[in-house]
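Just so you know, these numbers come straight off a predicted model, no measurement behind them.
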Amino acid sequence: MTQSASPQATNGKPGPMLAADGTPLKRSLARALRRQKMRALLLIAPLLLFVLITFIAPIADMLFRSVENQIVEETLPETVPLLQQWDHDASELPPEPVWTAFYIDLVLAEERKLHTRLGSRLNYEMTGLSSLFRRTGRAVGRFDTDTYTDQFTALDPTWEDAATWVAMFEDDTIREALPLTARTWDRWADYLVTDKNDNPAEEDVEDFLFTALYTDLTRDGVSVTGTTPRLQQAAGAVGDFETVSIMAQFEDADDDWVNPEVMRTIQTYSPPYTSGYFLNAVDMQLTPDGVEAREENQRIYGLLFKRTIFMSLTITLSCILLGYPVAWILANLPMRTSNLLMILVLLPFWTSLLVRTSAWKVMLQQQGVINDVLVWLGLVNDADRLVMINNQFGTIVAMTHILLPFMILPMYSVMQTIPPSYLRAAKSLGATNWTAFWRVYFPQSVPGIGAGSILVFILSIGYYITPEIVGGTTGTFISNRIAYHISSSLNWGLGAALGAILLAVVLLLYWAYDKIVGIDNVKLG
Amino acid sequence: MKMTTAILASTALVALGGAASAQDMANDMTLVSWGGAYQASQQKAYVEPYLEMHSEVSSTWDESSNEAVAKLRAMNEAGNITWDLVDVVASDAIRLCDEGLAMEIDADEMLAAGDDGSSAEDDFGDLLVSDCFIPQIVYSTTFGYRTDMVPDGQDAPDEICDVFDLETYPGKRALEKRPINNMEWALLCDGVAKDEVYDVLATAEGQEQALAKLDTIKDSVVWWSAGADTPQLLADGEVFMGSTYNGRLFSVIEEQDQPVAMMWDAQVFDLDGWIIPAGLPEDRLARVMDFVKFATDTQRLADQAKYISYGPARASSAPLVGQHADLGIEMAPHMPTDPNNAKNTFLYNYEFWADYRDDIDAKFQAWLAK
């Protein structure tokens with residue numbers, strides 16, 4: 001169809017417009033444009049890559065941690081699938097196979113020193129698991145599972161020989177017949193080779209391998225026909241073996257394992273992704289019985305989010321109130337004077353944040369400059385000096401001072417572009433001073449207020465060091481908790497979830513601002 | 001031709017091998033510590049002497065101990081460990097060990113035996129609280145108070161419960177903005193026997209009880225988060241009494257001559273020491289092992305007490321503690337472990353707080369914010 005149509009087009013109608021080299025103009029234009037775009041892209045590529053690699057990627061990686069929970073599955077690969085099948089509503093302990101799998105996982109995790117890490121992770125969800133894992137890690141190598149080892153080696157002493165095992169798992173029929181043992185052996189051999197640089201064929205065969213073998217051989221429908229006589233002999237004999245309850249071994253190691261909550265917590269947190277951190281970040285928790293609100297005496301994040309937003313708005317507002325007149329004066333004074341005054345605005349801006357915050361401490365504390373002056377003037381009794389720091393007031397004062405330049409500078413540059421003749425024109429048309437300001441001058445300065453407000457609000461919502469130093473208990477922000485979780489409690493998942501929520505709140509407010517005021521209506525000059 | 005190449009190659013190999021054995025230790029060390037007077041004491045007591053003995057070695061300090069756990073974890077994830085030896089408090093050492101970020105230490109094999117002939121393990125004794133931890137000093141968190149603010153006609157406060165007694169001792173108190181220590185002191189002053197404190201604190205009711213006791217002084221508390229805060233608050237007269245590390249109080253009292261005195265009662269012992277990051281390359285590890293063996297021997301730990309009032313972690317160092325290097329005063333009476341000061345003490349319960357830290361901290365912060 002197309003083939004027959006195209007000659008018609010060239011012959012019948014006038015053809016498409018051609019460029020000098022004979023290609024259709026449209027295509028040639030598109031190509032030129034594309035080349036231009038590519039060139040532009042190449043020019044910004046260094047910055048783009050820089051931002052992507054050093055800014056976007058780390059933030060994305062950090063935020064990803066707020067849902068990531070692979071540690072449980074990776075540390076307990078045998079236990080997790082079995083736990084997920086375990087009846088969720090049962091208030092009793094999981095069945096023996098779960099404990100066997102858990103024992104194997106735990107021995108291997110202990111060898112790799114991963115069990116304590118898992119314990120710390122799960123301790124965020126259930127208090128006490130950290131030490132439970134640490135204590136059990138010490139005991140797990142001494143479980144009475146050598147009963148199985150002894151019985152197998154009594155049947156055939158070559159069981160004790162690691163070479164037997166190496167040979168056994170080169171045979172695919174055996175691997176299929178003994179899946180648990182094969183997987184366990186692979187993990188063990190992998191650990192020996194990669195972590196210890198040892199040859200698996202030269203190491204002792206550990207008890208947990210015999211436990212796995214026993215578990216496989218006693219499984220329903222196991223078939224070892226066509227394998228080695230040694231294995232067939234063992235398969236025939238395991239029915240009469242003396243057994244060990246692994247669950248009882250765990251109970252011996254620590255009573256806490258008998259508490260069904262422990263295993264149910266592991267079960268609840270076994271999927272590779274979890275909503276647990278986000279629920280924690282909004283004062284809820286993921287329990288084996290579903291999502292619950294946290295106890296009253298543990299709720300804090302909702303309050304902190306509200307406080308952070310309220311205080312940031314207050315700070316933004318006080319910056320507007322204090323900054324507007326200053327910006328107006330700067331914009332309306334002769335250049336030389338205004339430059340001089342501008343230095344006064346910029347000077348604190350160039351001073352270290354810590355110095356300025358500490359200076360406010362000296363000013364505001366009870367034995368500080370302001371209180372001393374008030375007492376000296378007799379306005380305040382020496383016994384009840386004003387409390388102006390280590391509370392919300394102190395944080396608002398210090399942060400308003402610190403962020404003021406971010407408000408004044410955009411306001412000033414916008415106000416500079418407003419011709420003074422407009423005000424004079426308004427007045428000459430009969431407007432009062434107030435009307436002239438409010439109806440003519442102020443609307444033109446709004447883009448500066450908008451730009452300054454966005455700057456100040458977004459900076460203050462993530463502020464950390466000033467509230468930490470002067471905030472006391474009522475003036476701290478959500479960022480102080482985020483910092484605590486990142487650097488002290490090491491609960492990076494929760495820190496990331498709090499950070500993600502904060503980011504979402506900022507974007508939401510930005511969007512609301514765009515809807516109400518319009519983001520086009522923001523000018524930095 | 002081939003022959004000569006082979007000979008040349010083998011001599012080169014031998015030469016290389018010889019060179020390698022002579023300097024299979026790296027010559028740069030990055031040590032991480034807390035900055036300030038404490039780091040200075042380490043510098044003078046063992047880094048400088050070590051560098052004098054080994055002129056080829058250079059060392060740099062990174063003052064990051066405060067966030068060492070988080071940074072080490074990040075370094076480990078990035079696969080680029082730039083630190084060789086990190087000074088941390090014992091609870092952090094335990095966490096680093098749990099996370100697999102610190103190397104396990106065999107004290108007898110890797111550390112120097114005591115000067116008195118005891119093995120390293122016996123010499124450090126109970127202070128080896130984690131498999132990865134090499135203790136340096138014992139410090140304590142205790143109270144200091146302004147002597148000029150003691151109400152007329154009252155004795156100076158000398159027991160922990162005076163902190164909770166606003167009637168006899170009105171005035172502000174500085175407490176650390178975390179549950180650890182404060183909860184124990186609160187229970188102790190609410191009638192709980194010392195050996196039952198942690199059993200009580202493990203229960204929800206016990207935690208409520210401790211917070212209720214703290215509630216009685218909440219309005220008079222200034223909460224601190226940096227070790228320098230309380231000394232500053234005391235020096236300014238902002239608070240009447242406050243908890244902080246005993247070394248900080250020592251410098252306020254002896255070096256800055258402020259009207260402040262120590263309370264010592266119910267001081268809580270804690271440990272500070274080294275950990276070696278896991279996964280160091282062999283040459284750097286060899287250098288660090290060599291340094292740490294020197295830096296934690298009996299004499300070096302005793303020397304450190306010349307510069308700061310923290311007790312050496314080795315039993316064998318105690319008799320060697322002498323005078324302050326600048327002030328010339330006897331240091332032994334200023335040690336938290338001195339029998340006169342250690343009449344009533346607590347040892348930071350590492351296992352308890354590793355378990356309960358997150359839980360109790362959530363409650364404590366919610367209570368603070370109320």
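For A:Arg307, the part sitting under 4.5 Å from any heavy atom of chain B is the side chain, from C-beta outward, and nothing else. Contacts of A:Phe133 with chain B are absent, with no heavy-atom separation under 4.5 Å from either backbone or side chain. Residue A:Arg121: no heavy atom, backbone or side chain, is found under 4.5 Å from chain B. Using a 4.5 Å cut-off between heavy atoms, A:Ser488 contacts chain B through both its backbone and its side chain. Residue B:Gln207 does not touch chain A at all, counting heavy-atom pairs closer than 4.5 Å. Using a 4.5 Å cut-off between heavy atoms, B:Asp92 does not touch chain A at all. Looking at B:Lys172, the atoms closer than 4.5 Å to chain A (heavy atoms on both sides) all sit in the side chain, from C-beta outward. Both the backbone and the side chain of A:Leu490 come within contact range of chain B, judged by heavy atoms closer than 4.5 Å. Only the side chain of B:Lys177 comes within contact range of chain A, with at least one heavy atom under 4.5 Å from a heavy atom of that chain. Neither the backbone nor the side chain of A:Arg294 has a heavy atom closer than 4.5 Å to any heavy atom of chain B. Contacts between B:Ala74 and chain A at a heavy-atom distance below 4.5 Å involve backbone atoms as well as side-chain atoms. For B:Leu96, no part lies near chain A; criterion is any non-hydrogen pair under 4.5 Å.
Environment of CG in B:Asp106: crowded, with over 12 heavy atoms of neighbouring residues, nucleotides or ligands closer than 6.0 Å. No more than 12 heavy atoms of other residues, nucleotides or ligands lie within 6.0 Å of CD in B:Glu282, so this atom counts as exposed by the packing criterion. The number of heavy atoms from other shown groups lying within 6.0 Å of CD (A:Glu296) does not exceed 12. More than 12 non-hydrogen atoms from other residues, nucleotides or ligands lie less than 6.0 angstrom from NZ of B:Lys218.
With chain B as partner, the option from A:Leu114, A:Leu129, A:Asn123, A:Ile389 having the largest number of non-hydrogen pairs under 4.5 angstrom is A:Asn123. Among the candidates B:Ala226, B:Gly100, B:Gly237, the residue making the largest number of heavy-atom pairs closer than 4.5 Å to chain A is B:Gly237. Between chain A and the options B:Glu67, B:Glu99, B:Gln232, B:Glu238, the largest number of non-hydrogen pairs under 4.5 Å is found for B:Glu238.
Using a 4.5 Å cut-off between non-hydrogen atoms, the part of residues 352-370 of chain B that approaches chain A consists of B:Ala354, B:Asp355, B:Tyr356, B:Arg357, B:Asp358, B:Asp359, B:Asp361, B:Ala362, B:Lys363, B:Gln365, B:Ala366, B:Leu368, B:Ala369.
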Stepwise side-chain contact (heavy atoms from CB on, under 4.5 Å) check, A:Arg134 with B:Glu351: CA-CA 10 Å; A:Arg134 202 178 310 122; B:Glu351 181 139 293; 3.4 Å; yes

List the steps, then state whether side-chain hydrogen bond (donor to acceptor under 3.5 Å, both in side chains) holds for B:Glu208 with A:Asn297. CA-CA 9 Å; B:Glu208 288 294 316; A:Asn297 64 0; 2.7 Å; yes

Determine, stepwise, if the pair B:Arg95 / A:Ser120 fulfils side-chain contact (heavy atoms from CB on, under 4.5 Å). CA-CA 8 Å; B:Arg95 278 194 299 161; A:Ser120 325; over 6 Å; no

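Atoms NE2 and CG, on A:His115 and B:Asp98 in that order, are 7.5 Å from each other to the nearest 0.5 Å. Considering CD1 of B:Ile94 and OG1 of A:Thr116, their distance stands at 11.5 Å, rounded to 0.5 Å.
Residue B:Asp236 forms a side-chain hydrogen bond (donor to acceptor under 3.5 Å, both in side chains) with just one option from A:Lys361, A:Gln365, A:Gln367, and that option is A:Gln365.
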